[in-house]
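Have a look at the structure below, then the notes.
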Protein chains: 2
Amino acid sequence: MKTKDKIIHAALGLFNECGERNVTTNHIAAHLGISPGNLYYHFRNKEDIIDSIFDQYVNYLADNFQPHSEGDVTLEVMMRYLDSMFETMWRFRFLYYSLPSLLSRDPNLHKKYLKFQEISAQREVDLLFSLQKNNVVNIQMEDLDELANSIKVVLVSWVSYRTTISKDAKVYKTDIYRGILKTLFMMKPYFTEQALVDYQHMREYYLRLATAETVVPDINGELF
Amino acid sequence: MKTKDKIIHAALGLFNECGERNVTTNHIAAHLGISPGNLYYHFRNKEDIIDSIFDQYVNYLADNFQPHSEGDVTLEVMMRYLDSMFETMWRFRFLYYSLPSLLSRDPNLHKKYLKFQEISAQREVDLLFSLQKNNVVNIQMEDLDELANSIKVVLVSWVSYRTTISKDAKVYKTDIYRGILKTLFMMKPYFTEQALVDYQHMREYYLRLATAETVVPDINGELF
DNA sequence: GTCTATAAGTCGATAGAC
DNA sequence: GTCTATCGACTTATAGAC
């Protein structure tokens, strides 16, 4: 792996583990066993590193999200979407750990973020609309946008929320499944009777994952 | 006003306006026209200032929240509760601007926060339960806790969320009313038919407040 | 209580040799 | 590409005079 990629990789791992504000360029260099000067040969500054990670994040999500086939959009398709969203947020969780602070310090990143949010908001509305057409949900048209937005709020806030109520101020993988359960629950009042059966199955599935024994993250496993 | 109180007051204003991480003890002192040494005579360190503000926050909420009378708990009572919650979060919005970062740096504050959250969570469950008894909402018992929790997630995340989607990375008072609308919307599927009429009225009321001309906050008005 | 002055440390970033 | 060495800016916090 090239040094530039190594830096991005190490930075992501350390940011996720310790929070971006607590990780200096010196830390990243030391962690890789390279000099600070070398790091600054590859990146103009710390912001530059974060920007690169954000680009990876957007690409990662684009790769892992199959645009829903024009066929039937079932609850399962919706779940795959939420799965992939939460999975990505786990992988890049430092971004959501203190998003306001991150964005206020980097207007360029903020612009990119807003653009990205606009796209995913539209995608969620589309998904709900398709669920509607397939009789999975029954939502009044005037409520559809707002439900999609409510789900989005919980989605982007989840990592941060779980961090605040965690005794050791950390998120674990099981927290992610709880997030999926939470968004499922928010859709529950709108499910049609036949979809409610599927809801119960999915709920049980994610509940099992959410209550699985919490594995203390291994920093080496995280980073390499 | 005593110097100690002046410091707390100025710190709160600056934290809200600029974010706690961007405000140093020197900034606070300079803003008040006192010396850094003087500030450190009154507070051991910055953490000490934040802790004092948090205590004010808890007291403020305790004062402004009238424990719901044992009489009828209507939708209006619930709204007064949400009103006062959001109002408090506006007044102390810097706390929610980057809560995870704040709490991870101050374990003592984290403990206090968790205790406080536990109390308010229980209060929200109680409120929903009372609404249930008064035929305002109709919620299956197994869903009551989860709905209360969902509302709480949106509540504590709202300031942060609105900051991220704001073009200038700031929250305004109108954002607060949108937050109330959002929590109202989350309860909507559970309202009984007669309560839905009240819902529409309240929705219109807060919608007017939310879409009122945005007033650019005056830093002097904020601080003095 | 309040001030001035400054120590002690951190962090981002660069210069210049190899 | 990588290293060593270091600068400058900023921040917290304290010592000691008034």
Separation of D/dG1 atom P from A/I7 atom CD1, nearest Å, is 11 Å
In whole angstroms, the gap separating P of C/dA13 from CG of A/D48 amounts to 10 Å
Review point. What does B/T24 touch in the nucleic acid at a heavy-atom separation under 4.0 angstrom: a base, only the sugar-phosphate, or nothing?
Key: sugar-phosphate
Closest of C/dT14, D/dG1, C/dT4 to the B/S35 side chain is C/dT4
- Query: How is A/N45 classified with respect to the nucleic acid when contacts are heavy atoms under 4.0 Å: base, sugar-phosphate, or nothing?
  - Reply: sugar-phosphate
Could you tell me whether B/F92 and B/F15 have their ring centroids closer than 6.0 angstrom? no
In whole angstroms, the gap separating C1' of D/dT12 from CD1 of B/I50 amounts to 13 Å
Taken to the nearest whole Å, CG/A/L39 to C1'/D/dT4 is 15 Å
Side-chain contact check for B/H27: nearest option of D/dT11, D/dG1, D/dA13 is D/dT11
Review point. Taking atom types as modelled and ignoring hydrogens, do the side chains of A/Y206 and A/D83 form a donor-acceptor contact shorter than 3.5 angstrom?
Key: yes
Note to self: Does B/T25 reach a base, just sugar-phosphate, or nothing at all? Heavy atoms under 4.0 Å.
What the structure shows: sugar-phosphate
Problem - Short side-chain N/O contact to C/dC11 OP1/OP2 from A/N26, under 4.0 Å - result: no
*N/O (side chain, A/K46) to phosphate O (OP1/OP2, C/dC11) under 4.0 Å*: no
> Side-chain N or O of A/Y41 less than 4.0 angstrom from OP1 or OP2 on D/dG1?
Replying inline: yes
Query raised in the report: OP1 or OP2 of D/dA13 less than 4.0 angstrom from a side-chain nitrogen or oxygen of B/Y40, does that happen here?
Result: yes
Contacts of A/R21 and A/G37 projected onto DNA chain C by closest heavy atom; the upstream (5') one is A/R21
Within 45° cone of A/F54 ring axis and under 6.0 Å: A/K112 NZ or CZ: no
Original post:
With distance as the sole criterion, is a donor-acceptor pair present between the side chains of B/T24 and B/N26 under 3.5 Å?
Top reply: no
